[in-house]
Protein chains: 2
Amino acid sequence: MVNSEVALDAVFGALSDATRRAMLARLASGPATVGELGAPFGITKGAVSKHVKVLERSGLLIRDVQGRVHRCELEPEPLSQAAHWVDEVRAHWEARFDALADYLEELQAGAVPSAAKGESRD
Amino acid sequence: MVNSEVALDAVFGALSDATRRAMLARLASGPATVGELGAPFGITKGAVSKHVKVLERSGLLIRDVQGRVHRCELEPEPLSQAAHWVDEVRAHWEARFDALADYLEELQAGAVPSAAKGESRD
DNA sequence: TGAATAGTTTACCAAATGGTAAACAGTGAA
DNA sequence: TTCACTGTTTACCATTTGGTAAACTATTCA
């Protein structure tokens, strides 16, 4: 398993929880303390601390300790990596259909390739 | 928790495993049987079956049972949902910086707003 | 019919996850 | 100095997860 795959594990893993996604959405509009991040959810401080730590480990959140408050900020880089992975797969998938469309168009144009008999497609 | 959030939980959860991501990448270039999907990994049929089921539950994979083989196909819709969520957060984040850039530009232009004294930013 | 094949299911295991309660550590302020 | 506050840590719990081995189901084919 490559290193970037480990990172994607952590990033997608962090995103797979609705509480953490809400925290990230909150952070997208500006920094917040751990307390502020946890306030909307009826969970204990311990649980909030864990969620923030998961986000931090995934690289999606960076923390700046200022006295007794921890100022958290969104780090968008891992989001880009995740988006890139998703886009790659989607692009690959769509390319397949583009190729199929081209093929069908060729067929329609009368230029029937010899491979058209049987079910050799795929 | 809204329904779409439940779906995102499942989608991001499915993506958080490197084996399943590799399976999806494989499916992006065309359909495959459960056996073909599992072949690259040194895991048992049972484990493969579980991974495929996770992908299916998340909506990322659809299955067409043809006799004794299960033909699996990528369903890109949930990928779009995931990409959309990520893009929303990134857009929101970038908008914040655009606003900051505008503000700094205004400052440079000499139109110093009264709020510019002290460190009231953030 | 009987054997091989494709895949699921069951029972089990160890580790990870999301949560709690309560103790703890450090900081700020009266 | 003492108290309130922010956040982490520890111990614990139930559930989920990723894996195995082995039994089972259903289909294909000789």
Side-chain angles (χ1 to χ4, degrees), chain A residues 1-2 5-24 26-27 30-73 119 122, chain B residues 1-2 5-24 26-27 30-73 119 122:
Chain A
M1 199 191 303
V2 204
E5 281 179 343
V6 177
L8 282 180
D9 275 21
V11 174
F12 284 125
L15 295 180
S16 73
D17 182 276
T19 300
R20 285 191 296 263
R21 284 198 305 279
M23 287 177 168
L24 289 177
R26 164 67 186 77
L27 286 176
T33 66
V34 170
E36 287 166 353
L37 284 180
F41 318 101
I43 56 180
T44 61
K45 294 187 293 178
V48 173
S49 186
K50 280 190 191 177
H51 279 304
V52 170
K53 204 179 298 176
V54 169
L55 290 170
E56 195 177 21
R57 273 203 319 257
S58 75
L60 285 162
L61 178 151
I62 54 181
R63 188 194 301 244
D64 183 17
V65 179
Q66 295 176 341
R68 71 182 159 184
V69 313
H70 295 201
R71 186 170 166 282
C72 302
E73 207 163 332
E119 37 180 88
D122 285 350
Chain B
M1 200 191 302
V2 204
E5 281 178 344
V6 177
L8 281 181
D9 275 22
V11 174
F12 283 125
L15 296 180
S16 73
D17 182 276
T19 300
R20 285 190 296 263
R21 284 199 305 279
M23 288 176 168
L24 289 177
R26 163 67 185 77
L27 286 175
T33 67
V34 170
E36 287 165 352
L37 284 180
F41 318 101
I43 55 180
T44 61
K45 296 188 292 179
V48 173
S49 186
K50 279 190 192 178
H51 279 304
V52 170
K53 205 180 297 174
V54 169
L55 290 170
E56 195 177 22
R57 273 204 318 258
S58 76
L60 285 162
L61 177 151
I62 54 181
R63 187 193 303 242
D64 184 17
V65 179
Q66 295 176 342
R68 72 181 157 183
V69 313
H70 296 203
R71 186 171 167 282
C72 302
E73 207 162 332
E119 35 179 277
D122 284 350

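Every chain is numbered from 1 and lettered A, B, ... according to where its sequence line falls, protein lines coming before strand lines. No hydrogens, no waters, no symmetry mates; every other heavy atom, side chains included, goes into these values. Since the structure is predicted, the reported quantities are computational estimates derived from the model, not experimental observations.
- Atom NZ of A/K53 is separated from atom P of D/dG7 by 14 Å (rounded to the nearest Å).
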Worksheet item: Passes side-chain contact (heavy atoms from CB on, under 4.5 Å), A/V54 versus A/D17? Steps please.
Response: CA-CA 10 Å; A/V54 169; A/D17 182 276; over 6 Å; no
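- Within the structure, every pair that satisfies the side chain to side chain donor-acceptor pair (under 3.5 Å) test and touches residues 31-52 of chain B, not counting sequence neighbours, is listed here: B/R20-B/H51.
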Discussion item. For a quick check, with a 4.0 angstrom heavy-atom cut-off, what is the B/S/- contact string for nucleotides 11-25 of chain C, read 5' to 3'?
Written reply: -------BBBS----
Discussion item. Apply side-chain contact (heavy atoms from CB on, under 4.5 Å) to residues B/E73 and B/D64 and explain how you reach the verdict.
Written reply: CA-CA 8 Å; B/E73 207 162 332; B/D64 184 17; over 6 Å; no
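- Against DNA chain C, the stretch residues 60-70 of chain A makes heavy-atom approaches under 4.0 Å through A/G67, A/R68.
- Distances shown here put a side-chain N or O of B/T33 below 4.0 Å from the OP1 or OP2 atom of C/dG7.
- Protein atom CG of B/L37 is 14 Å distant from nucleotide atom P of C/dA6, rounded to whole Å.
- Rounded to an integer number of Å, the gap from A/L55 CG to D/dT8 P is 12 Å.
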Practice prompt. For A/L15 and B/L15, run side-chain contact (heavy atoms from CB on, under 4.5 Å): C-alpha distance rounded to whole Å, both residues' side-chain angles, the deciding distance at 0.1 Å, then the answer.
Written response: CA-CA 10 Å; A/L15 295 180; B/L15 296 180; over 6 Å; no
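- Here CG of B/L55 is found 7.5 Å from CG of B/L27. Values are rounded to the nearest 0.5 Å.
- One atom, CG of A/D9, and another, P of D/dT17, lie 15 Å apart when rounded to the nearest Å.
- In this structure, the salt bridge (Lys or Arg N to Asp or Glu O under 4.0 Å) partners of A/R63, at least two apart in sequence or on a different chain, are A/E56.
- The minimum heavy-atom distance linking A/L60 with A/A14 is given by the pair CD1-CB, 4.0 Å.
- Here the straight-line distance linking atom CD1 of B/I62 with atom NE2 of B/H70 works out to 14.5 Å at 0.5 Å rounding.
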